[in-house]
Amino acid sequence: MPINLNHEAQVEWDKYLEASSMEEQIAHLERFVGVVVKHKGVENHLRMAKQKLKRLKATQEKMRQAKKGSGERWLVPKGEDAQIAIIGTVNAGKSSILNSLSHSDSAAKVGAYPFTTVKPEVGSTTARGARLQLVELPAIVEGSVRGEMSGKLVLAGIRNSDCVILTIDLTHNPVEQLKLILKELSVGKIRLNTEKPSVIIEKVGSGNIQVFNSHYYEGKGNDEITEIMRTKGYMNVIVRFHGPTTVDQFFDALDYTISYLPAIIFATKGDVKGSKSNYSTLMEYISTNKLPLEIIPVSSSNNEGFDSIEETIFNKLNKIRVFTRNNVGDISERPIILDKGSTIENAIEVLSKKMLRFFRFARVWGKSAKFDGEKVGLDRILEDGDVIQVFA
Ligand SMILES: Nc1nc2c(ncn2[C@@H]2O[C@H](COP(=O)(O)OP(=O)(O)OP(=O)(O)O)[C@@H](O)[C@H]2O)c(=O)[nH]1
Ligand SMILES: [Mg+2]
């Protein structure tokens with residue numbers, strides 16, 4: 001936290017920390033630099049603020065360029081804490097879900113005719129301070145993976161996201177829709193709710209093919225692994241298993257182009273007659289085939305099923321929200337978003353790398369604290385919703 005700042009500078013700094021968009025962050029940092037009273041005690045802080053400002057402006061410029069460049073326009077630049085792709089077959093109700101989640105009538109055009117959405121449509125929502133960018137992608141069709149109906153761009157859009165909402169229309173053949181989507185995604189090398197294989201493959205300069213912990217491998221052990229690596233053209237490589245690995249998972253691990261994404265099914269149009277029996281059919285299919293997919297029934301028309309849905313989406317992301325507390329006890333509205341398992345050190349890295357060098361201790365409130373305001377060091381693992389105050 002900044003120390004020895006004059007009041008106006010402190011106000012701008014706090015506003016910067018709580019800003020909800022990059023534009024606001026830039027505006028408050030610019031004002032901060034303009035109003036800060038310079039003295040020895042703030043030199044480091046000011047330098048760090050200027051560097052942050054420079055970085056933010058560079059990112060903003062990149063996003064502007066990406067929007068301009070025609071080929072890139074399809075990939076929506078990540079402007080928020082996480083990007084959620086809304087996908088599904090044609091007319092499934094994707095735009096309606098985008099509008100419901102964005103609390104808007106017009107984030108995307110809804111149409112009773114097919115292919116109303118032909119390019120990505122963007123909306124946003126928040127989950128207790130975390131900003132979720134919602135991107136509806138045009139419909140997935142038979143052959144998306146070969147490029148049908150801009151399919152390659154749709155798949156690239158999915159890979160660019162942090163989580164997928166799979167829209168299934170409950171008014172007709174839900175299982176067929178799900179099968180079609182999963183087939184296109186699977187061929188398109190996108191795995192949903194699937195753990196990355198527990199094997200690490202590391203190319204090395206010499207030493208041939210070395211295999212560690214091959215007892216975890218479901219196949220025939222060292223010789224088979226060495227043979228596979230040889231036929232794949234590897235000469236010097238370390239293969240290290242960290243947990244049970246099937247033959248399929250081993251081949252997946254060798255393919256660096258596979259994307260692993262969390263996903264949820266939104267089974268929509270639940271207000272329509274007959275949707276309940278289609279919902280049961282879909283649930284049965286998922287449980288019989290042991291698909292790792294959770295279904296949330298919704299109706300965009302009746303705005304049903306959307307209560308605390310932002311929390312459900314956020315929980316899929318494997319991220320945590322950490323709030324900061326300033327020296328007068330105010331808590332930031334906007335959290336820092338970190339990967340699950342992050343520590344105080346990781347949080348400070350996001351706030352300011354320089355602060356790490358001057359770190360003395362931190363105080364924590366929330367699930368990871370043994371008591372309110374517990375004094376902790378850099379290695380304390382944080383939990384979702386924690387509040388921290390850093391003393392530097
Ligand atoms: N009854 C009912 N109709 C819905 C619901 N959601 C969407 N619809 C209708 O379904 C049709 C398609 O909705 P959209 O939201 O445009 O679907 P989409 O998946 O974005 O469609 P495309 O972009 O064309 O692929 C429209 O006529 C909507 O009014 C719902 O929850 N209940
Ligand atoms: Mg649409």
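Heavy atoms only: backbone and side chains are in, while hydrogens, waters and symmetry mates are out. What you see is a predicted model, and the numbers here were worked out from it, not measured in a lab. Start at 1 and go down the list; that is how both ligands and their atoms are numbered.
In this structure Lys370 satisfies the side chain to side chain contact (heavy atoms under 4.5 Å, CB included) test together with Glu374, Arg380, sequence neighbours excluded. By the side chain to side chain donor-acceptor pair (under 3.5 Å) test, Asp81 is found to be paired with Arg334, residues two or more places apart in sequence or in another chain being considered.
The contact shell of ligand 1, taken as protein residues with any non-hydrogen atom closer than 4.0 angstrom, comprises Val90, Asn91, Ala92, Gly93, Lys94, Ser95, Ser96, Val110, Gly111, Ala112, Tyr113, Pro114, Phe115, Thr116, Thr117, Glu136, Ala139, Thr268, Lys269, Asp271, Val272, Ser299, Ser300, Ser301.
Vertex the Mg ion (ligand 2); arms to Thr117 OG1 and Glu136 OE2; angle rounded to 10 degrees, 90°.
With Val237 as the partner, the side-chain contact (heavy atoms from CB on, under 4.5 Å) test is satisfied by one option alone out of Met229, Lys232, Arg230: Met229.
Distance check: Ser144 OG to Leu153 CG gives 10.5 Å after rounding to the nearest 0.5 Å.
At least one N/O/S atom of Ser95, whether from backbone or side chain, sits less than 2.8 Å from the Mg ion (ligand 2).
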List, one per line, each side-chain donor-acceptor pair under 3.5 Å for residues 264-275, sequence neighbours excluded.
{"unit_1": "Lys269", "atom_1": "NZ", "unit_2": "Asn91", "atom_2": "O", "d": "2.9"}
{"unit_1": "Lys269", "atom_1": "NZ", "unit_2": "Asp169", "atom_2": "OD2", "d": "3.1"}
{"unit_1": "Asp271", "atom_1": "OD1", "unit_2": "Ser299", "atom_2": "OG", "d": "2.8"}
{"unit_1": "Ser275", "atom_1": "OG", "unit_2": "Gly270", "atom_2": "O", "d": "2.9"}
{"unit_1": "Ser275", "atom_1": "OG", "unit_2": "Val272", "atom_2": "O", "d": "2.8"}

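Classification of the Tyr217-Phe241 ring pair by plane angle, with boundaries at 30° and 60°, yields tilted. Ring planes of Trp13 and His45: perpendicular class, angle over 60° (limits at 30 and 60°).
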